[in-house]
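A quick write-up on the structure given underneath.
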Amino acid sequence: RQALEEMRALYERNQADVSEAKSGRMDLIFLIRFRHCCLLRNQRCLLAYLYDRLLRIRALRWEYGSVLPNTIQFHMSAEEVEWFSRYKKSLATYMRSVGGEEGLDLTQDIKPPKSLYIEVRCLRDHGEFEVDDGTTILLKKNSQHFLPRWKCEQLIRQGVLEHVLS
């Protein structure tokens, strides 16, 4: 906001000096050029900041999944939340279009797995969790389970489960 206010003030001063320079004061041209360079620099800095923020928001989708925690969403503007939502939908559409009938979840294995099943500990009560074979498991706090990695990786990222390393 400070940078935008500074840019607005520089622009207004330049507009006033340009009208004076048109009337014959040529000594203001260097000052007008200097202010214009300052405006361009501030513009580049703001664009770099916004692009970095956009990359971080995109990385949040891969880290936390399709639902962001409230603590993170609180620090985002309405436009950033809207962009995240559009990116999430676009990624979901792409993942459905690849990999046959069920699609392909690209966010599943960020790192290649060493084994297909892992031991996990539940960090908080989550309720029932259904495995591929149709069995349901009750995820209660401090309970430990041996589950398929791909089924519980999203819950690990959300902080519901913890991977128990032997």
Side-chain angles (χ1 to χ4, degrees), residues 1-11 38-166:
R1 289 188 183 129
Q2 288 175 339
L4 287 175
E5 288 300 319
E6 180 184 329
M7 287 176 72
R8 189 172 294 118
L10 286 170
Y11 181 77
C38 290
L39 283 168
L40 292 176
R41 179 195 171 277
N42 285 357
Q43 182 183 25
R44 284 192 312 271
C45 289
L46 286 174
L47 287 173
Y49 169 76
L50 291 174
Y51 183 69
D52 181 62
R53 198 150 166 98
L54 180 88
L55 292 178
R56 290 173 190 247
I57 293 170
R58 185 176 69 181
L60 289 174
R61 169 58 181 96
W62 293 87
E63 185 177 342
Y64 288 101
S66 60
V67 179
L68 289 177
N70 288 336
T71 55
I72 292 176
Q73 203 167 4
F74 175 75
H75 295 290
M76 294 169 61
S77 69
E79 292 82 8
E80 290 171 335
V81 171
E82 180 185 337
W83 188 90
F84 179 82
S85 176
R86 285 193 319 235
Y87 180 71
K88 174 178 68 173
K89 288 177 186 173
S90 176
L91 184 61
T93 302
Y94 176 72
M95 289 190 299
R96 276 193 305 273
S97 71
V98 210
E101 295 175 14
E102 295 180 17
L104 177 66
D105 189 2
L106 298 173
T107 64
Q108 195 171 38
D109 289 318
I110 303 298
K111 297 177 185 170
K114 293 183 180 177
S115 66
L116 296 178
Y117 285 82
I118 59 172
E119 189 174 355
V120 291
R121 178 182 303 116
C122 194
L123 300 175
R124 61 177 188 234
D125 291 337
H126 184 69
E128 291 187 349
F129 181 72
E130 188 173 341
V131 188
D132 282 344
D133 60 4
T135 58
T136 56
I137 298 170
L138 184 61
L139 296 177
K140 293 178 82 175
K141 187 174 182 176
N142 294 326
S143 61
Q144 286 192 234
H145 307 279
F146 197 64
L147 299 172
R149 174 184 294 274
W150 70 274
K151 284 293 274 186
C152 59
E153 192 159 293
Q154 192 72 22
L155 292 174
I156 291 172
R157 280 193 229 128
Q158 292 174 0
V160 174
L161 297 175
E162 171 187 50
H163 185 183
V164 177
L165 302 172
S166 301

Using the rule given for side chain to side chain contact (heavy atoms under 4.5 Å, CB included), can you reason through Leu138 versus Ser143, listing the C-alpha separation, both sets of side-chain angles and the distance that settles it, and then say yes or no? CA-CA 9 Å; Leu138 184 61; Ser143 61; over 6 Å; no
Yes or no on side chain to side chain contact (heavy atoms under 4.5 Å, CB included) for Tyr11 and Arg8, after CA distance, side-chain angles and deciding distance? CA-CA 5 Å; Tyr11 181 77; Arg8 189 172 294 118; 5.8 Å; no
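- Distance check, rounded to the nearest 0.5 Å: CD of Glu162 to CD of Gln144 gives 9.0 Å.
- Rounding to the nearest 0.5 Å places OH of Tyr117 at 15.0 Å from NE2 of His145.
- With sequence neighbours left out, Glu6 forms a side chain to side chain contact (heavy atoms under 4.5 Å, CB included) with Leu10, Asn42.
- We find the CD-CG distance between Gln73 and Leu68 to be 5.5 Å, quoted to the nearest 0.5 Å.
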Just list the side-chain donor-acceptor pairs under 3.5 Å for residues 45-53, sequence neighbours left out, or say none.
from, atom 1, to, atom 2, distance (Å)
Asp52, OD2, Arg56, NE, 2.8
Asp52, OD2, Arg56, NH2, 3.4
Arg53, NE, Glu80, OE1, 3.4
Arg53, NE, Glu80, OE2, 2.4
Arg53, NH2, His75, O, 2.8
Arg53, NH2, Glu80, OE1, 3.1

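- Counting heavy atoms from C-beta outward, Pro148 and Val131 have side chains that approach closer than 4.5 Å.
- Of all heavy-atom pairs between Ile72 and Leu60, the closest is CG2-CD1, 3.6 Å.
- The side chain to side chain contact (heavy atoms under 4.5 Å, CB included) test applied to His126 returns Leu139, Leu155, Val160, not counting sequence neighbours.
- The two residues Cys122 and Lys140 come nearest to each other via the heavy atoms CB-O, 3.0 Å.
- Using modelled atom types, one side-chain atom of Thr93 and one backbone atom of Lys89 make a donor-acceptor pair closer than 3.5 Å.
- The nearest pair of heavy atoms linking Arg157 to Glu63 is CD-O, 2.6 Å.
- Ion pair Glu5/Arg1 not flagged as a salt bridge, since none of the NZ, NE, NH1 or NH2 atoms sits closer than 4.0 Å to an Asp/Glu carboxylate oxygen.
- In this structure, Trp83 CH2 and Leu54 CG are separated by 4.0 Å, a value rounded to the nearest 0.5 Å.
- Contact of the Leu116 side chain with the Arg149 side chain is not registered, since no non-hydrogen atoms from C-beta on lie closer than 4.5 Å.
- Residues Ser66 and Arg61 have side chains in contact (heavy-atom distance under 4.5 Å, counting atoms from C-beta outward).
- Considering CD1 of Ile156 and NZ of Lys151, their distance stands at 13.5 Å, rounded to 0.5 Å.
- For the atom pair CD (Glu130) and OG1 (Thr135), the distance works out to 7.5 Å, reported to the nearest 0.5 Å.
- The two residues His163 and Glu119 make their nearest non-hydrogen contact at CD2-O, 3.3 Å.
- The minimum heavy-atom distance between Phe129 and Leu147, with the atom names listed, is CE2-CD1, 4.1 Å.
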